[in-house]
Participant: 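Structure incoming, see below.
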Amino acid sequence: MLYKRCSKCSASAKEKDANFCSNCGQRFEENHCSNEECENNKINLDKNDCYCFKCGKKTTYFIKGYSQVQTDLPF
Ligand SMILES: [Zn+2]
Ligand SMILES: [Zn+2]
């Protein structure tokens with residue numbers, strides 16, 4: 001399983017609860033809804049989520065290119 005990605009150098013976190021990148025020291029960000037009026041703006045979404053399931057706006061990870069829309073799911 002993949003953990004959070006660094007917004008600066010794209011290195012993956014070593015642990016699920018890591019707060020800082022071990023490669024460059026950048027603080028990890030959580031995936032949120034990009035809509036500031038949406039309650040999911042303050043809630044951590046799944047890192048693979050591309051769109052908010054409440055309001056349909058793009059997630060911060062999707063905007064930054066960390067998560068991608070999956071069209072061909074393996075299951
Ligand atoms: Zn980094
Ligand atoms: Zn939302």
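For ligands, and for the atoms within them, numbers begin at 1 and follow the listed sequence.
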Participant: If you count the non-hydrogen atoms of other residues, nucleotides and ligands that lie under 6.0 Å from NZ in K64, is the total more than 12?
Facilitator: yes
Participant: Below 6.0 angstrom between ring centroids: does that apply to Y51 and F62?
Facilitator: yes
Participant: Does a donor on one side chain and an acceptor on the other come within less than 3.5 Å for T59 and D49?
Facilitator: no
Participant: Please confirm whether the backbone N or O of C33 pairs with a side-chain atom of N40, one donor and one acceptor, at under 3.5 Å?
Facilitator: no
Participant: Nearest 0.5 Å, what's the SG-CG distance between C9 and N23?
Facilitator: 4.0 Å
Participant: If we ignore hydrogens and angles and just use 3.5 Å, is the side chain of N35 paired with the main-chain N or O of K57 as donor and acceptor?
Facilitator: no
Participant: Within less than 2.8 Å of the Zn ion (ligand 1), how many protein N/O/S atoms are there?
Facilitator: 4
